[in-house]
Every structure is written in structure tokens, then in C-alpha cells.
Amino acid sequence: MKEELATRYEPSQFEQRIYAFWEAGGYFTPVVDKERPKFSIVIPPPNVTGRLHIGHALVNTLQDIIVRWKRMSGFNTLWLPGTDHAGIATQMVVEKQLAREGISRFDVGRDKFVERVWQWKEQHSTEIKDQLTRLGASADWTRERFTLDEGLSRAVRYVFVKLYEDGLVYRDLAIVNWCPQCRTAISDVEVEFREKNGKLYHIKYPVEGSDRAFIVATTRPETMLGDTGVAVHPEDERYREFIGKAATLPIVNRQIPIVGDAILVDPEFGTGVVKVTPSHDKNDYEAGLRNNLPQLQVIGEDGRMTAAAGAEFDGMDRNDARKRVVELLEQQGLLVKVEEHVHNVGVHGKCDTAIEPMVSRQWFVKIEPLAKPAIEAVRNGTITITPQSWEATYFNWMENIHDWTISRQLWWGHRIPAFHCPNGHTTVTMHDPATCPQCSAPVTQETDVLDTWFSSGLWPFSTLGWQGAGSEEDAPDYEVFYPTDTLITGFDILFFWVARMIMMGLRFTGKAPFSQVFLNGLVRDEQGQKMSKTKGNVIDPLDVVNEVGADALRFTLAVSASGRDIPLGKSRIQGYSAFVNKIWNASRFAMMHIDTELRDAKPIERDNLKTVERWILSRLNATTAEVNRQLSVFRFDEASNALYKFFWHEFCDWYIEMAKPVLLGRHGTDEDRALAKRVLLEVLDRSLRLLHPFMPFVTEEIWQKLGGVEPAVIIAPYPIAEEVLEDTEAERLTDAVKAVITTVRNVRAERGFTPKDRFTLYVRGNNARESNFFRENAYLLIELARLDEVAVEGEPPAGAHHDVVEGFHISIVFPEKVVSAEQLERVRRDIEKTQKELAAVEAKLADERFTSKAPPHIVDGARAQQAELRARLEKLQQNQ
RNA sequence: GCGGAGUUAGCUCAGCGGUAGAGCAUCUCGUUUACACCGAGGGGGUCAGGGGUUCGAAUCCCUUACUCCGCACCA
């Protein structure tokens with residue numbers, strides 16, 4: 001070896017150096033070659049001005065594992081990184097900044113404001129890259145994209161125009177979710193429901209020309225100012241006679257019609273009478289249209305009451321108005337009762353402000369024609385979603401989808417390419433018109449921008465240089481890398497993003513944008529609580545990287561990622577950092593003995609291998625198969641766990657210890673030693689390659705020193721299982737050796753001997769071959785079980801401890817017979833347990849239904865077990 | 001209300017038809033020359049309750065209870 005590893009594992013000493021080495025080597029950048037098998041994946045673009053949290057660390061680690069695995073497996077691999085302009089979120093950040101200066105965006109004006117957001121973006125745009133770099137993300141930074149880039153903006157405009165021309169984008173007056181805080185419309189998926197304790201107010205509405213009064217209930221009394229009707233069920237005997245008459249709206253004393261509406265009113269619920277506020281409630285809006293009730297907007301875009309609410313209320317905050325309305329109703333004796341009431345209040349997810357349903361002119365996407373093929377693509381397996389249970393959620397949502405509100409009254413985003421003229425003509429084109437094409441009047445551009453998710457929906461192809469359906473000008477990247485293969489993202493954006501990419505991809509490229517979706521769970525704290533700043537349980541991934549290195553964090557995330565939520569605590573990460581340390585130290589040990597560079601290493605001659613060497617290669621091979629299999633079905637936990645178990649508990653705990661006698665010259669010939677070194681190199685090399693996707697830094701740092709043919713492990717071939725390495729015989733015999741050693745250690749402790757006390761062990765093979773095996777490998781038992789001598793034949797003396805282990809009879813001869821009450825108790829318990837097991841097996845075998853109906857191999861297994869238990873019992877009884 | 005997931009060792013979870021597992025925690029022993037971020041070993045579970053299918057159920061079906069997550073939402 002040219003170089004040795006540092007004595008201590010200190011990730012900070014090499015992680016950043018290694019990343020720079022990869023980037024300089026161009027390993028993240030694939031070639032543009034249609035002939036080569038490719039693998040491509042696009043990053044879920046984080047907010048450009050954001051800071052990565054632990055959820056980002058998870059989703060990007062998982063992507064990187066797949067990406068590195070595919071790259072090493074020979075695919076021409078592209079991981080395309082980038083960021084999202086994140087309309088509302090980013091605009092809010094800059095608005096807050098302005099607020100600190102005591103001004104609002106309206107003070108600076110649209111152009112200046114947008115300029116400022118761009119400045120902010122430029123200042124922060126390298127942060128995301130820096131953070132992903134620290135995690136080891138092997139993304140192709142030469143292809144980094146931003147949703148407001150020229151190319152992406154062009155794609156956005158193309159799609160909008162095309163959808164408009166196809167009649168799938170339309171502008172209409174409708175009731176939408178309005179955020180009074182952000183002063184914009186938002187889509188249905190952006191509304192989150194929070195359970196809140198509220199009150200249910202029961203109010204009297206006197207019936208015109210009668211001494212009766214209807215009692216209606218509402219959680220929002222202030223909206224009554226906008227009531228334009230009262231509805232009852234048309235079949236309701238109690239109220240049928242009043243339909244067509246009018247009620248008097250309290251406070252404002254307006255006459256409002258009483259209508260019959262079977263859809264809005266459930267006669268079984270409450271009083272069976274409903275107040276109708278078409279301008280401020282979705283259901284009432286529909287009912288209003290059905291019954292020709294006028295719309296009266298009493299709450300404005302700013303959440304304050306309008307003039308239409310009456311002079312007293314004009315300009316009053318909607319919450320204050322509620323109190324005042326209740327006060328007035330009480331005074332007039334029209335408030336019947338107030339009940340405590342738990343209900344769900346819709347709030348804007350971004351700012352937590354209660355949503356105000358409001359009638360407003362917005363742009364929409366007619367979604368059903370897009371949803372149908374998107375449902376079909378998942379239904380017929382063109383796209384698979386893992387974990388599969390999410391498919392039900394996907395179908396449920398897609399089948400009940402409503403038109404998508406895409407216009408936002410914001411300034412930061414893709415401005416809608418629609419141009420209005422004073423004569424009411426609207427023009428939607430790829431190129432800005434100078435004048436109205438219909439009447440030549442001057443035009444002004446639509447002020448609204450598009451929902452951020454409109455542009456993210458195009459991400460898999462807009463980022464690759466797509467130019468429009470069937471265009472000749474599509475970039476080579478698009479030709480080579482589209483459609484992408486896998487999408488890895490959080491389940492929380494299944495509707496926001498994944499569903500929309502599927503719809504847009506199918507519509508505009510004719511292909512599903514990816515074939516596999518893996519949805520990862522939410523990272524929670526150790527107690528399963530959501531991480532939040534207020535709870536103070538947030539784990540910052542960069543802090544962790546600084547403390548224990550990226551590899552430990554990555555491995556912890558991988559080993560926890562089964563698709564469900566992940567409980568993550570510092571202690572857990574600490575635990576896996578011990579594993580990284582273990583790899584480091586095992587590698588140090590191996591490299592002290594290895595004296596051949598990997599590139600000069602001769603192929604291993606299997607015929608010369610010892611049993612334990614065939615065993616470790618067989619186990620490594622099984623692990624290789626397992627890792628590849630589990631990664632292909634996104635079981636990151638199973639894949640990483642298989643590696644953990646193999647490397648630590650098979651390679652380190654057993655194989656290295658078993659190889660030491662030979663490596664250190666206590667046993668065997670020079671040829672044996674050379675072969676042991678060769679096997680050590682083989683196992684280390686393959687293990688590092690297998691581990692590389694999970695812990696790229698430490699494996700690269702170590703592998704570099706092995707002198708491989710390839711310049712870096714990042715592009716070394718990923719191991720695949722080879723049948724020739726499988727060796728069940730070696731596994732069976734080595735398992736027996738391990739079990740015998742364990743038993744000796746066990747009995748030694750139970751009998752109160754110290755590790756320094758040495759014994760003679762009798763072990764008998766069941767045939768000459770096996771006896772010979774124990775004779776040849778006696779040194780393993782002697783070294784690892786700390787024995788004096790191993791006898792393969794002859795009768796053990798009386799008073800020895802007898803047992804049957806993995807089918808082999810053993811006897812441990814103590815220097816003196818030590819019998820304490822405690823030991824006898826153990827022996828008794830052992831016998832009792834064995835008797836119980838034997839009784840269970842014999843009962844089973846005595847049952848004719850079992851022996852006749854169970855498959856033969858199970859019955860045979862039970863018979864073998866019976867034989868072994870009988871033999872063991874007999875031996876154990878001799879210990880008494 | 002509809003849909004989904006879960007309930008297994010003190011904690012976090014795996015196993016999903018053939019003898020209950022892992023990691024962490026805990027206890028005991030050990031200064032073995034790769035590693036004390038270590039090694040060896042022990043203790044600890046009627047697999048939420050009830051029913052069914054089966055020769056056999058933690059595993060499949062039904063049911064009850066509780067927890068979590070979507071979606072919808074009744075004024």
C-alpha cells in the first residue's frame with residue numbers, strides 16, 4: 001500500500017476534499033448518447049431561498065443512493081438538480097424584509113419589487129447547492145435549473161397557450177379560496193383544515209307576514225350581512241308552506257326570499273333551515289346559482305367588511321364584525337343560543353390565515369381531461385407508486401378532482417401571457433402582441449402570475465430542453481434522458497406535484513414523465529413528534545454533518561427509510577456513526593496486511609480456499625444479491641441493514657477474527673497467508689463498492705488507497721451476485737464452528753470460569769469428512785474459544801459438559817468439576833426447555849392430520865428436529 | 001362520513017402461513033497488538049382484545065378498541 005489510512009476516522013478531514021475530487025473528475029455529468037442505457041431522475045426542486053431541513057436531507061440521500069447505485073451499475077446516469085421560485089413563499093420572505101424597513105411591496109411597485117426578489121434569489125441561490133454538496137449529492141450541477149429560467153419560462157408559456165387554445169385553460173368568475181393575508185386566490189390543495197373550538201350561533205330570522213321566525217345556525221355570524229336567502233328542504237312538511245315567501249334579515253332588515261333546495265338542506269340536521277350567503281360560502285354559492293339569489297360581497301380582499309355590509313361595518317375587520325353582529329343580535333333578542341362547537345377551519349397552509357371563500361375572476365385549468373389519462377397510467381402500471389398503499393389515495397383524489405385555480409394575485413412568478421384590450425378582448429399567445437389582434441386597441445398584460453406548481457408540473461421535461469409537443473428543436477438532453485425513470489419525493493406533495501407532473505407529462509410529451517414513484521415518509525423526532533421550531537426538536541442536517549459526518553447521517557436515514565414515517569434522534573445517528581468508524585478501523589486492519597494493489601491482484605483460485613474463506617465469500621455474495629434486490633424495490637432499510645449485518649457481524653466479528661491466526665503467522669503456510677490476504681482484499685473491495693451509495697465519502701477515501709483499476713469507487717462497477725460464490729456446505733460447517741465457539745464461551749461463563757481458563761473440547765463429526773474438517777480447523781476453535789486442545793476422536797471423560805450443537809456432539813472437559821446450585825439450576829432449565837420443545841414437536845408428529853397434510857419438507861424438518869432434540873436432551877441430562 | 005396505515009422485548013421497528021427477530025437501552029464479564037464509536041455473554045415478549053379459516057396464524061379473513069395520516073365536511 002502506498003498510503004495508510006489515518007489512525008482516527010475524522011470525516012471533516014476528507015469529505016469536502018472528496019466531493020471536489022468527484023466534481024473535478026466530471027463523474028456527475030453523463031454523456032449525451034442515445035445508444036447507452038440511461039437512468040435519469042430529477043430533484044424535487046427546493047425553494048430557491050430556503051434552507052435544507054432534515055426532510056430534504058432524507059429525500060436527497062435516497063435519490064443519491066439510487067443514483068450512485070445506477071451509475072455504478074453501468075447506467076448513463078443523470079440526476080438533474082435545481083430550485084423552485086416558490087411564488088408565495090419567496091414573495092413572503094422579501095415582503096417581510098421590506099416590512100422591517102417599514103414599507104410594503106405596494107410602496108415600491110411591481111417592477112422594483114420583482115427586482116428585489118431577484119436580488120434576494122441571487123444572494124441565496126448557492127446555498128442549496130452548498131448544502132446538497134455537504135450531503136454528498138452526486139447531482140449534475142452543469143445542468144442546474146431554476147423554474148424561472150428562460151427555457152423553463154418558455155415551456156410554461158407554451159403549455160399555458162396550448163391549454164388555452166385547447167379550451168382547457170379558461171378565465172371565469174367563480175368562488176375561490178381567498179387568502180386575505182397574502183391577498184391572492186389559492187387552489188384547493190393549498191387549503192389546510194385545522195380543528196378549532198368555535199361557537200355555533202343560533203339566530204332568529206323573522207318570517208315576513210307571519211309571527212313565526214326561522215332559527216338558523218352559523219359559526220360565522222358576520223356573514224349574515226351578506227345573506228340573500230334562506231333555504232329549507234322542499235319536502236319538509238314543517239316549512240313547505242313558506243317557500244316563495246320572504247324572511248327579514250336581522251340588523252340590516254333586508255327582505256330575503258325563502259327557497260327550497262334539496263341539495264343544500266338536510267332536513268334531519270339542526271333546525272332544517274339554512275341561511276344562504278352566496279358570496280362567502282362554497283355550498284351557498286352553488287345554491288345561490290340554483291335559486292337565482294343575488295351575490296352580495298360583504299367581506300373584501302383584505303378581510304375587512306365592505307360598504308355592502310352597511311355603513312356601520314364598512315372597513316371593519318371580519319373578526320371584529322363578528323363580535324359586533326353578535327352584540328346587536330343579542331340586543332334585539334334575536335340570538336337564541338350559543339353552543340360550543342368544534343369544527344374544521346380552512347387556513348392557508350403558508351401563512352395560517354383563515355381562508356375566505358370569495359367570488360372572483362380567476363384562471364382555471366379544466367382538469368378532468370388531464371386527470372383521466374393520469375389515472376389510467378397508474379391503473380395500468382405504466383407508473384408504479386411505492387409504497388403501493390398510496391395508489392388508493394392517488395385514485396381517490398384524482399377521481400374527485402376539481403378544476404385547478406392557477407392564477408395568483410402575486411408579483412413573483414410566471415406572469416400569465418394573456419393580454420386584455422379595453423374592448424374586452426383577451427389574447428393568449430407565445431409572443432406579446434403590440435395591439436389587440438381583433439380590434440387593434442392597445443393591450444395590457446394580465447397582472448396575475450401562475451401557481452408555482454404549474455411550472456413545477458413541467459419540471460421533468462422543461463428542465464431537459466423540451467420545446468413543445470413534437471417540436472424538432474427539442475434539446476438532445478430531452479431526447480436522451482426523457483422520460484425520467486424514478487421520482488423520489490415526500491408524500492406530502494403527491495397532489496401538489498406528482499399528480500400534476502403525471503397529467504402535464506402525459507398531455508404534452510405523450511409519455512409518463514417517470515415510471516416509478518417512491519414516496520418517503522416524514523422525519524419525526526424520537527418520540528414520533530413532528531419536528532418544529534416551536535417544539536425545539538428540530539435536527540439541522542448540517543449540524544449533524546459537522547458533528548459526525550455526512551456518511552453517518554446518510555446511513556441512519558437509509559436504514560430508517562421503509563416508506564413510513566421515520567423517528568430520528570441524535571442517539572440513533574450516533575449509533576450508526578459507530579458503524580462508519582467500524583468500517584474505517586476494519587479497513588485499517590485489512591490494509592496493514594494487504595500488500596497487493598487491487599489492480600495487480602490475481603484472480604482467486606477457488607480450489608485452494610479454506611472453508612471459512614468460501615464461507616465469507618458466500619455470505620458476501622448473498623449480501624450482494626440482497627442489496628441489489630432491495631434497492632430495486634426501494635427498501636433502503638433492508639438494503640442498508642443487510643450491509644450493516646454482513647460487514648459488522650459476519651466480516652468483522654467472525655471472519656477477521658478467524659483470519660487472524662493465519663494473517664499473523666500463528667497458523668498455516670505462506671501460501672495460506674497469501675490467500676488469506678487476497679480474500680481480505682476481495683471482501684474489502686466488494687464491501688466498499690456495495691456500501692458506496694450509502695456512505696460515499698468514507699468508502700471513496702478508503703477505496704482510493706486500494707489501488708483499483710478505476711480512478712474512483714464512484715464509477716467502479718457495482719457488485720452483482722455470482723452463483724459460483726454460493727457455498728451452502730461452507731456455510732453449514734462455518735455456522736457449526738461459530739455455534740460451537742459460542743457454546744464454549746457460554747458454558748464457560750455459566751460455570752463461572754474466566755476467559756483465561758482453558759479447556760479441552762471433544763467434537764465429533766458425523767462422518768470422516770466432517771471429522772477431518774474439525775481436525776483441520778481445530779485452530780479456529782482453539783483461538784476463538786480459548787481452548788487447550790480439540791479432540792476429534794476418543795471418548796470424553798466423565799464429568800464433562802455435553803451438548804449437541806448444530807447437530808454435532810461436543811463435550812467440554814473442565815479442569816475440575818465445579819458444581820454450584822446456580823449451575824445446576826441452569827442445567828435444569830436448559831433440560832426443561834428442551835423437553836418442552838421436544839414434547840411440542842412430538843405432539844405434532846403424532847398428529848396424523850399434520851403428517852398427512854403438511855408439505856413433506858416441513859414434516860421431514862420436524863422429524864430431524866425431533867432427532868436432534870432427543871440427542872441433545874440425552875447429552876444435557878448427563879450434565880446433571 | 002369515505003379511504004389508507006398502524007397496534008410485536010423498556011424504546012424505535014423488521015418479520016406477514018411452518019420452532020418469536022434486530023438496533024438502541026439495561027445487566028454481567030473482559031486494558032485479546034483494527035476499533036472502548038470495542039469484544040464476549042445474560043435477562044426481557046400469552047406478537048392490542050375476540051371470533052374464524054388451516055394439520056399449523058404474529059403472519060390470511062371477520063370484528064371490537066385505541067393511535068396516526070389523507071380526503072370530504074352539516075349550516
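Naming convention: chains lettered A, B, ... in sequence-line order (proteins, then strands); numbering from 1 in each chain.
- A:H202 and A:E339 form a side-chain donor-acceptor contact under 3.5 Å, judged by distance and modelled atom types alone.
- Distances shown here put every side-chain N or O of A:K275 at or beyond 4.0 Å from the OP1 or OP2 atom of B:C74.
- The side chain of A:K853 approaches B:C55 more closely than any other nucleotide in the set B:A34, B:A75, B:C55.
- Between A:I401 atom CD1 and B:C71 atom C1' the separation is 12 Å, expressed in whole Å.
- Nucleotide B:U54 has no partner under the Watson-Crick or G-U criteria, as no pair reaches both atom distances under 3.5 Å.
- Atom NE2 of A:H341 is separated from atom C1' of B:C74 by 8 Å (rounded to the nearest Å).
- Spacing between atom CE of A:M398 and atom P of B:G3 amounts to 20 Å, rounded to whole angstrom units.
- Protein atom CG of A:D188 is 7 Å distant from nucleotide atom P of B:A72, rounded to whole Å.
- Phosphate contact (OP1/OP2 of B:G39, side-chain N/O of A:W648, threshold under 4.0 Å): present.
- Here A:N585 does not reach the OP1 or OP2 of B:C37: none of its side-chain N or O atoms lies under 4.0 Å away.
- Of the nucleotides present, none pairs with B:G44 by Watson-Crick or G-U wobble criteria with both distances under 3.5 Å.
- Nearer the 5' end of RNA chain B, as judged by each residue's closest nucleotide, is the contact made by A:L869, out of A:L869 and A:T218.
- At a cut-off of 3.5 angstrom, counting only N and O atoms as typed in the model, there is no donor on one side facing an acceptor on the other between the side-chain of A:N396 and the base of B:C71.
- Among the protein residues, A:Q865 comes within range of the nucleic acid bases, having at least one heavy atom under 4.0 Å from a base atom.
- A cation-pi arrangement, defined by a distance under 6.0 Å to the six-membered ring centre and an angle within 45 degrees of its axis, is absent between A:R619 and A:W654.
- Side chain of A:R8, nearest nucleotide from B:C37, B:A14, B:C73: B:C37.
- Remark: A:K660 qualifies as a cation-pi partner of A:F589 under the 6.0 Å distance and 45° angle criteria applied to the six-membered ring.
- Counting any heavy atom pair closer than 4.0 Å across all strands shown, A:R572 reaches sugar-phosphate atoms only and no base atom.
- Two residues are said to be in side-chain contact when any heavy atoms from C-beta on lie closer than 4.5 Å; A:L784 and A:R745 meet this criterion.
- Going from the P atom of B:U59 to that of B:A14 covers 16 Å, rounded to whole Å.
- At whole-Å resolution of the value, CG in A:D565 and P in B:G4 are 18 Å apart.
- Atom OH of A:Y9 and atom C1' of B:C37 are 11 Å apart (whole Å).
- Two rings, from A:F495 and A:Y394, have their centers 6.0 Å or more apart.
- With a cut-off of 3.5 Å on both pairing distances, the Watson-Crick or G-U wobble partner of B:G21 is B:C13.
- Contact annotation for A:V216: no contact, since no heavy-atom pair falls under 4.0 Å across all strands.
- Contact annotation: A:H649 side-chain N/O to B:G23 OP1/OP2 distance is under 4.0 Å.
- For the pair A:K660 and B:A34, the criterion of a side-chain N or O lying under 4.0 Å from OP1 or OP2 is met.
- Comparing B:G41, B:A34, B:U19 by their nearest atom to the side chain of A:N746 picks out B:G41.
- With the nearest nucleotide of RNA chain B identified for both A:T7 and A:V265, A:T7 has the one nearer the 5' end.
- Using C1' as the reference atom, B:A9 and B:G21 are 10 Å apart when rounded to the nearest Å.
- Relative to the side chain of A:T219, the nucleotides B:G4, B:C24, B:A75 differ in distance, and B:A75 lies closest.
- B:U67 and B:A5 make up a base pair, with Watson-Crick or G-U wobble contacts both under 3.5 Å.
- OP1 or OP2 of B:G41 has at least one side-chain nitrogen or oxygen of A:T742 nearer than 4.0 Å.
- When rounded to the nearest whole Å, the span between CD1 of A:I656 and P of B:C38 equals 14 Å.
- Look at B:U33: it lacks any Watson-Crick or wobble partner with both distances under 3.5 angstrom.
- Relative ring orientation between A:F214 and A:Y239 is described as perpendicular, the plane-to-plane angle rising above 60° on a 0-90° scale split at 30° and 60°.
- Contact between the side-chain N/O atoms of A:R635 and the OP1/OP2 oxygens of B:G15 is found at a separation under 4.0 Å.
- Nucleotides B:G10 and B:C69 are separated by 27 Å at their C1' atoms, to the nearest Å.
- One cannot find a donor-acceptor pair under 3.5 Å joining the base of B:A40 and the side-chain atoms of A:E657.
- The C1' atoms of B:G49 and B:G4 are separated by 23 Å, rounded to the nearest whole Å.
- Applying the side chain to side chain contact (heavy atoms under 4.5 Å, CB included) test between A:N291 and each of A:T228, A:V276, A:D261 identifies A:D261 as the sole match.
- Of the candidate nucleotides B:C73, B:C37, B:G39, B:G39 has the atom lying nearest to any side-chain atom of A:K582.
- Look at the P atom in both B:G43 and B:A5: the space between them is 38 Å, to the nearest Å.
- Each of B:C55, B:U19, B:C69 was ranked by its minimum atom distance to the side chain of A:E837; first place goes to B:U19.
- The gap from the P atom of B:C24 to that of B:G39 amounts to 9 Å, rounded to the nearest Å.
- Rounded to the nearest Å, the gap between the P atom of B:C68 and that of B:C13 is 14 Å.
- The distance between the ring centers of A:F694 and A:Y644 does not fall below 6.0 angstrom.
- Atom CZ of A:F651 is separated from atom C1' of B:C35 by 13 Å (rounded to the nearest Å).
- With both ends at atom C1', the span from B:G18 to B:G23 equals 27 Å, rounded to whole Å.
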